[in-house]
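Remarks on the structure that follows.
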Amino acid sequence: MREINKEIVRRFNCEVIEKGDRLVFESLFDDEFINHSAPPGMPKGAEGMWHTFENILRPALSGLKVTIRDQVAEGDKVTTRKSISGKHTGPLMGIAPTGQTVSIDVIDIVAIRNGKYIAHWGVNTLPSVLLALQKQA
């Protein structure tokens, strides 16, 4: 079961984050999904996750790529250490494009129930990346 859960998370990273496949996204999220790491004011459901990748990161970072560095599965949870990278060619949270290659380091934990994401917790370096881009803009 641990390997199956790890594959579900890898599929999300490749097909949803990198490729923006809405149908795969919908197939991987439980109706009761909660993002415990959603920023204040953002929805904690699945649509908040979709919004982040589809409306914030993908338009700002061309050639968006996810590199999984480590994955550990235990019970119904998968922890992944990864990097999300791309070239800053579109506005990113109010910062004009710099043309720089950026990399956001992420550690997240996903709980999976019946083959679907049910919960997420995570930390990332996006605030540091934004600060560095502001200095370059």
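Each residue takes its place number in the sequence, starting with 1. All figures in this text were calculated on a predicted structure; none of them were measured in a lab.
A distance of 6.0 Å separates OH of Y117 from CZ of F29, quoted to the nearest 0.5 Å. Going from atom CG of N124 over to atom CG of D108 covers 9.0 Å, rounded to the nearest 0.5 Å. Note that the NE2 atom of H36 and the NE2 atom of H120 stand 10.0 Å from one another [nearest 0.5 Å]. Summarising the geometry, atom CZ belonging to R69 is positioned 11.5 Å from atom CD1 belonging to I107; distances are rounded to the nearest 0.5 Å.
Proximity of V102 to L133: side-chain heavy atoms (C-beta onward) are separated by under 4.5 Å at one or more points. Looking only at side-chain heavy atoms (C-beta outward), I17 and L64 come within less than 4.5 Å of each other.
Counting only distance, with no hydrogens or angles, the side chain of T125 and the backbone of D105 share a donor-acceptor pair below 3.5 Å. One N or O on the side chain of H88 and one on the backbone of T98 form a donor-acceptor pair closer than 3.5 Å. Distance alone, capped at 3.5 Å, is enough to place a donor-acceptor pair between the R58 side chain and the E18 backbone.
Within a 6.0 Å radius of CE in M42, more than 12 heavy atoms belonging to other residues, nucleotides or ligands are found. No more than 12 heavy atoms of other residues, nucleotides or ligands lie within 6.0 Å of CG in D31, so this atom counts as exposed by the packing criterion. Crowding of N114 atom CG: a count of heavy atoms from other residues, nucleotides or ligands under 6.0 Å not exceeding 12.
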Exercise for the section: Walk me through it: do E15 and K19 pass the test salt bridge (Lys or Arg N to Asp or Glu O under 4.0 Å)? Expected result: CA-CA 5 Å; E15 296 183 38; K19 297 178 182 171; 6.0 Å; no
Practice task
Could you give me the CA-CA distance, side-chain angles and deciding distance for K65 and I84, then say whether side chain to side chain contact (heavy atoms under 4.5 Å, CB included) is met?
Solution key: CA-CA 6 Å; K65 175 154 179 56; I84 301 172; over 6 Å; no
Problem - Residues Q100, Q136; criterion side chain to side chain contact (heavy atoms under 4.5 Å, CB included); working and verdict - result: CA-CA 9 Å; Q100 298 295 313; Q136 295 173 9; 2.6 Å; yes
Practice task
For I118 and E32, run side chain to side chain contact (heavy atoms under 4.5 Å, CB included): C-alpha distance rounded to whole Å, both residues' side-chain angles, the deciding distance at 0.1 Å, then the answer.
Solution key: CA-CA 6 Å; I118 188 70; E32 296 177 22; 3.7 Å; yes
Exercise for the section: Please lay out, stage by stage, how L92 and L130 fare under the test side chain to side chain contact (heavy atoms under 4.5 Å, CB included). Expected result: CA-CA 8 Å; L92 178 61; L130 294 173; 3.8 Å; yes
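Under the 4.5 Å side-chain contact rule for hydrophobic residues, I112 and V72 do not share a cluster. Grouping the Ile, Leu, Val, Met, Phe, Trp and Tyr side chains by contacts below 4.5 angstrom, directly or via other members, places I4 with V110. Residue I34 is not grouped with residue F53 when hydrophobic side chains (ILVMFWY) are merged at heavy-atom distances under 4.5 angstrom, including chains of intermediate members.
Closest approach of G115 and L28 over heavy atoms only: O-CD2, 4.4 Å. The minimum heavy-atom distance between A38 and P43, with the atom names listed, is CB-O, 3.7 Å. For the pair G122 and S37, the tightest heavy-atom approach, listed with the atom from each and the gap, is N-OG, 2.6 Å. Between V9 and N13, the shortest heavy-atom contact is O-ND2, 2.8 Å.
Partner of Q71 under the side chain to side chain donor-acceptor pair (under 3.5 Å) criterion, out of E7, R10, K82, K6: R10 alone.
Salt bridge status for K116 with D30: absent, with no side-chain N to carboxylate O gap under 4.0 Å. Note on R22 versus E54: no salt bridge recorded, every NZ/NE/NH1/NH2 to OD/OE distance being 4.0 Å or above.
Between F12 and F25, the distance separating the two ring centers is not shorter than 6.0 angstrom.
Applying the side chain to side chain contact (heavy atoms under 4.5 Å, CB included) criterion to I109, with sequence neighbours excluded, gives K77, T79, W121.
Counting only N and O atoms by type, the side chains of S85 and S103 include no donor and acceptor under 3.5 Å apart.
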